[in-house]
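A short write-up of the structure that comes next.
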Amino acid sequence: MDVSALLGQLKKIKPSSFKGLGTPLFVLAALGMIILPMPPFLLDILFSFNLALALVVLLVAIYTDRPLDFAAFPSVLLIATLLRLALNVASTRIVLLEGHNGGDAAGKVIESFGSVVIGGNYAVGLVVFLILIIINFAVVTKGAGRIAEVSARFTLDAMPGKQMAIDADLNAGVLNQEQARDRRAEVTKEADFYGAMDGASKFVKGDAIAGIMIMVINILGGFVIGMVQHGLDFSSAVEIYTLLTIGDGLVAQIPGLLLSIAAALMVTRQNESGDMGQMMTSQMLDNPKSIAIAAGVLFIMGIVPGMPHFAFISLALVVGAVAYFLYRKRNQEREESLALAKNPPTDKAAAKPKELSWDDVQHVDTIGLEVGYRLIPLVDKGQGGELLGRIKGVRKKLSQELGFLVPAVHIRDNLDLSPNTYRISLMGVACGEAEIRHDCELAINPGQVYGKLDGIETKDPAFGLEAVWISPESREHAQTLGYTVVDAATVVATHLSQLLSNDAAKLLGYEEVQQLMDILAKNSPKLVDGFIPDVMPLGTVVKVMQNLLNEGVSIRDLRTIVQTLLEYGPKSADTEVLTAAVRISLKRMIVQEISGPETEIPVITLAPELEQMLHQSMQATGGEGPNIEPSLAERMQKSLEDATQRQEMVGQPAILLTSGMLRSTLSRFVKHTIPNLRVISYQEVPDEKQIRIVSAVGQ
């Protein structure tokens, strides 16, 4: 192949073809430094690169907003440590082979550190080198390693609680599926990062120990080689090889110290977004009193006889000036806030009284939320309130699940309520009320925790679980013990979501159903044309959809619902019959929402004798419902509750399978007493599903 053809082939190679070659090339370069002799000029370049790499890593660690933003730090730390050890091997070879020729035999960098930095005195150099080793090994590396170990342990222990908190936010509508997935990935990434940092700190510790051993080996080896092989006297061998060894050690240990400091900075930072310099400045200068006291102490030390007066007194004046400036700034901000509170901005134009109109008539809100005056910060965006955003998330989540637009929530303050109490109402009727603490967080006991928390014991308003109000600072500790920790806004949003899900039928009216019909008409005009009122009136459609929502069935599949009503509408006007027909058409969706994609459905059934007795009672009352004795009803309820609890304990859904005649009545029977028990009929089991009877009530 000629040269032109070779150049043509090289031009066809894309730059992307070289991706992924960095790590193999680095490994080969490290092996080359360990095995092959290197010229002093190349060694100088690599030592300079090693120092520059350590500086870059340190600066990146300082200016990174969060530790997880520099998640590659453990790998970078390992690579930099391996590079430094390979350079130690290469420099040791040159020092021992060429050290007898003079101080510059191992390169200008080692000579400079051996002569300029330590003044050419090997005793001074030895002391400085040992001090650097002690600082790196006994102080920085040891402390950073301990912090990394503790952080890794507590991060791993807190993972279950954090995952449950994400699930709680997802169920409350605070997060969507994509946001929850990102949060879970961040929790996993955090655990991986601190686990890797725990291991990476061991590399730094081992590097510090290796530095001491390499120094001792180089000095002893230099004595033997210089005196035996090259005929140097003892003093010359000591001077040459000690200075070169210490210079070599300093060149390696200074980048090592910089990387140790970077590792310590990464593990001591909290996982919060923000510039480290700004956070330290704002927190240290937050209280001018402490700075003023420090200035006073410096001034007293400055006037003590024998002390350096100029240094202490001048520094006391500078610190005092800073304290005075911060004090004046804080007082000015306080006066401005007080003045704004006393004289709030008002419209200069006087409000003229107006005549009464229909706008002054207050109508009942479909969904209302009233809060006490201490909970106003939760709904005030100016004070960082997050409740409005959470409620919006709840509405969006429920609208997607139920199949229609959930009405807006009207929020107002109510001075008649207790300061920390909120009240949720539907159609003007209160359906939920609870007392919360907006400045605390709620640690919920999901059923198994590993300790008790200090706080105010209470119950979760949504599900009635045991819970404790704790301070925000105790959040990590509570999650470590297995508690699910949520803030006050999430508590209200979850309670609202639970109530709206249970009473979804009350939110659906004529207007909402008509809007659904209009939306369906855009995609399936032939299906809707002539449906209302030719086949059935709008009121019947509304009643059927309300029945479905009452039984926990979504109306998302509007096309199937309308098709079924078109088929059965001419045959019957009974809404119970129509609801049963629609449920049979939606059986695949109903069963999937209850038991998931499993092919086998675990079910609870009634004993044949009990079911036969209920059928006879239904026939005796003309289909208006079975006439059950109170004692029998109580025993049935207790047996169904026990069966439901057994299913929940093994992590399976609780499903009561019965005949189509009894399904509607039994569904109403268990709706409020056993809300987790779903009732389906034999006709609602899809053909591809298999049933497995786990319990029979009445035997």
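A quick note: this is a predicted structure, and the numbers were derived from the prediction, not measured.
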[Y] side chain reached by [X] side chain, heavy atoms, under 4.5 Å:
X: Ile391; Y: Ile411; answer: yes
X: Ile367; Y: Leu500; answer: yes
X: Leu507; Y: Leu426; answer: yes
X: Leu606; Y: Leu666; answer: yes
X: Ser474; Y: Leu453; answer: no
X: Ile436; Y: Asn420; answer: no
X: Val468; Y: Ile456; answer: no
X: Pro630; Y: Glu634; answer: no

Nearest 0.5 angstrom please: [X] [atom1] to [Y] [atom2], how far?
X: Glu441; Y: Ser471; atom1: CD; atom2: OG; result: 8.5 Å
X: Ile674; Y: Phe669; atom1: CD1; atom2: CZ; result: 7.0 Å
X: Arg475; Y: Gln479; atom1: CZ; atom2: CD; result: 5.0 Å
X: Leu610; Y: Thr658; atom1: CG; atom2: OG1; result: 9.0 Å
X: Leu405; Y: Leu508; atom1: CG; atom2: CG; result: 11.0 Å
X: Ile470; Y: Arg437; atom1: CD1; atom2: CZ; result: 13.5 Å

Any donor-acceptor pair under 3.5 Å from [X] side chain to [Y] backbone:
X: Asp503; Y: Lys506; result: no
X: Thr421; Y: Glu435; result: no
X: Arg678; Y: Gly552; result: yes

key: Inter- and intrachain pairs under ring-ring contact (aromatic ring centres under 6.0 Å, His included), touching residues 393-425, at least two apart   = Tyr422-His495
message = With no hydrogens and no angle check, just 3.5 Å: does a side-chain donor-acceptor pair link Ser639 and Asp642?
response = no
message = I'd like to know whether Lys459 forms a salt bridge (Lys or Arg N to Asp or Glu O under 4.0 Å) with Glu466, so could you lay out the CA-CA distance, the side-chain angles of the two residues, the decisive distance to 0.1 Å, and finally the verdict.
response = CA-CA 5 Å; Lys459 287 185 178 294; Glu466 299 292 335; 2.6 Å; yes
Less than 4.0 Å between a side-chain N and a carboxylate O, is that true for [Y] and [X]?
X: Arg412; Y: Glu370; result: yes
X: Glu593; Y: Arg556; result: yes
X: Asp487; Y: Arg390; result: yes

task = Could you check Thr366 against Met427 for side chain to side chain contact (heavy atoms under 4.5 Å, CB included), going step by step and ending with a plain yes or no?
result = CA-CA 5 Å; Thr366 305; Met427 308 301 177; 3.7 Å; yes
request  = For Asp380 and Leu388, run side chain to side chain contact (heavy atoms under 4.5 Å, CB included): C-alpha distance rounded to whole Å, both residues' side-chain angles, the deciding distance at 0.1 Å, then the answer.
outcome  = CA-CA 8 Å; Asp380 185 3; Leu388 294 179; over 6 Å; no
inquiry  = Set out, in order, the CA-CA distance, both residues' side-chain angles and the distance that settles side chain to side chain contact (heavy atoms under 4.5 Å, CB included) for Val679 and Ile655, then state yes or no.
reply    = CA-CA 6 Å; Val679 184; Ile655 306 172; over 6 Å; no
query = CD of Glu457: more than 12 outside heavy atoms within 6.0 angstrom?
reply = no
key: Heavy-atom neighbours of Ile594 CD1 exceed 12 at 6.0 Å   = yes
query = When you look at Glu551 and Arg663, which way does the salt bridge (Lys or Arg N to Asp or Glu O under 4.0 Å) test go after all the steps?
reply = CA-CA 10 Å; Glu551 296 171 356; Arg663 190 208 57 78; 3.1 Å; yes
ask   = Only one of Lys587, Arg583, Arg588 clears side-chain hydrogen bond (donor to acceptor under 3.5 Å, both in side chains) with Glu684; which?
value = Arg583
